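Counting starts at 1 for both ligands and their atoms, in listed order. Since the structure is predicted, the reported quantities are computational estimates derived from the model, not experimental observations. Values below: all heavy atoms of this structure, side chains included; hydrogens, waters and symmetry mates excluded.
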Amino acid sequence: MSSIDLPVHESLHIGPIRIPNRVILAPMSGVSDLPFRRLAQRFGAGLVVSEMVASRQMLLDTKQSKQRMRFDRDAGPVCIQLAGTEPDIMADAARLSADRGADIIDINFGCPAKKIVRKASGSALMRDVPLATEIMKAVIGAVDVPVTVKMRTGWDAASRNAPELAKIAESLGAQMITVHGRTRCQFYTGVADWEFIAAVKDAVSVRLVANGDIRSIDDAYGCLRSSGADAVMIGRAAQGKPWFPGDVAHHFQTGQQRPEPDVAQRWAILREHLDEMFSLYGVSTGIRNARKHVGWYLTGLPGAAEFRNVINNTLDPAVVTAEISRFRDLSLETA
Ligand SMILES: Cc1cc2nc3c(=O)[nH]c(=O)nc-3n(C[C@H](O)[C@H](O)[C@H](O)COP(=O)(O)O)c2cc1C
């Protein structure tokens, strides 16, 4: 599994920013908020990327954009992802992000969601290369910190232009490119085409990150082998398992598999995650936002269905806390 002709154990530099390993937590709107990123980083993800922040909203300082912009300076490099469609607005948002402490600005050319694409943002920019170019020029010109770009392989099977767009990004000064190995029209169907990512790697010499469908340590090595990428980015496989990117990083660095958290540790991590969500969002929004995480964490644990049912029907943090203790004890007895 670990024999691979790439320096997977080494750190990575994005411009002057040192990333301690080659595993990145993917930006996931509604999932990779500050509490989740903090956990992933503590468990060893080399870099964590914010949820995408709409540039216009950031300039208006909306509540959501403020929450999405929250970061933990002490935990490691800060990467803020921007979405948008107007070069000037995106440049202003990049400037503001850098002023507030972002070490890296990532531009989103990958989001497939209809409401984003309708505004000609996210992956829609892969079929408007002139506008994508203007955006990259404006953002890269606006800040001194490194700018990176995240894209899909293209809009659809007939227009997989990631190699061309990546070349343009590199020529404009982008310092790293991430490719999710699907087209926009695939959304999340089919499988990520890691081999196509190799065509992007061949087209550029900046750092290339491969993304899509990495669910195990074996997958991470397989993805690097097929794509020749410099690093991997992991999204959905970290849901309910914020330690997973760190597990991959640990294997890259040592060749050893570290033990998964046991049942008691998983409950403790969930408890910490929920507490952080309550303090970021307030209790009732925190509980609502936490429900999906609870579902992911507890998959396969004894008592999970009943616990989920309780969480889905309360907005009282005292009930949540008491139920966590009760179900933790129950699952420890039966584990
Ligand atoms: C719930 C969810 C939200 C996402 N939000 C973003 C986002 O804000 N910005 C972005 O570039 N990609 C976003 N993505 C895409 C992921 O970053 C990643 O490219 C994709 O999930 C494929 O990687 P995976 O197979 O490891 O999950 C999102 C994906 C999911 C599942």
Indicate whether any N or O donor in one side chain lies under 3.5 Å from an N or O acceptor in the other, for [X] and [Y].
X	Y	answer
Gln57	Thr62	yes
Ser123	Trp155	no
Asp106	Thr148	yes

> Is there a nitrogen or oxygen of Ile214 sitting under 3.5 Å from a nitrogen or oxygen of ligand 1?
Replying inline: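 No; the residue has no nitrogen or oxygen that sits under 3.5 Å from a nitrogen or oxygen of the ligand.
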>> Regarding ligand 1, does Asp213 bring an N or O atom to under 3.5 Å of one of the ligand's N or O atoms?
In response: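 N/O-N/O distance below 3.5 Å exists for this pair.
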Give the numbers and elements of all ligand 1 atoms closer than 4.0 Å to a heavy atom of [X].
X	value
Lys150	10 (C), 11 (O), 12 (N), 15 (C), 16 (C), 17 (O), 18 (C), 19 (O)
Ala26	17 (O)
Asn108	9 (N), 10 (C), 11 (O)

Please state which protein non-hydrogen atom is closest to [atom] and give its distance, to 0.1 Å?
atom	answer
atom 31 (C) of ligand 1	Arg236 CG, 3.6 Å
atom 26 (O) of ligand 1	Gly235 N, 2.8 Å
atom 6 (C) of ligand 1	Pro27 O, 3.1 Å
atom 5 (N) of ligand 1	Ser29 N, 2.8 Å
atom 23 (O) of ligand 1	Asn211 ND2, 2.9 Å
atom 21 (O) of ligand 1	Tyr188 CE2, 3.5 Å
atom 9 (N) of ligand 1	Gln81 OE1, 2.7 Å

> Pick one: which of Arg266, Gln239, Lys241, His273 meets side-chain hydrogen bond (donor to acceptor under 3.5 Å, both in side chains) with Tyr297?
Replying inline: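 For Tyr297, the side-chain hydrogen bond (donor to acceptor under 3.5 Å, both in side chains) check succeeds only for His273.
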> Would Tyr221 and Phe252 satisfy ring-ring contact (aromatic ring centres under 6.0 Å, His included), going step by step from the backbone distance to the final call?
Replying inline: CA-CA 9 Å; Tyr221 282 101; Phe252 281 179; 5.1 Å; yes
> Is there a heavy atom in Gly212 that sits closer than 4.0 Å to ligand 1?
Replying inline: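 The answer is yes: ligand 1 sits under 4.0 Å from a heavy atom of Gly212.
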Could you list the donor-acceptor pairs under 3.5 angstrom formed by side chains in residues 196-205, with sequence neighbours left out?
unit_1	atom_1	unit_2	atom_2	d
Lys201	NZ	Asp230	OD1	3.4
Lys201	NZ	Asp230	OD2	3.0
Ser205	OG	Glu170	OE2	2.9

> Do Arg288 and Phe278 meet the cation-pi criteria used here (NZ or CZ under 6.0 Å from the six-membered ring centre, within 45° of the axis)?
Replying inline: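 No, Arg288 and Phe278 do not form such a contact.
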> With a 4.5 Å heavy-atom cut-off, do Ser65 and Leu60 have their side chains touching?
Replying inline: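 No, their side chains stay 4.5 Å or more apart.
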For residues 127-147, dump all side-chain donor-acceptor pairs below 3.5 Å to protein atoms at least two apart in sequence or in another chain.
unit_1	atom_1	unit_2	atom_2	d
Asp128	OD1	Leu131	N	3.2
Thr133	OG1	Val129	O	2.7

>> Counting only heavy atoms closer than 4.0 Å, does ligand 1 sit against the backbone of Arg182, its side chain, both, or neither?
In response: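 Neither; nothing of Arg182 gets under 4.0 Å from ligand 1.
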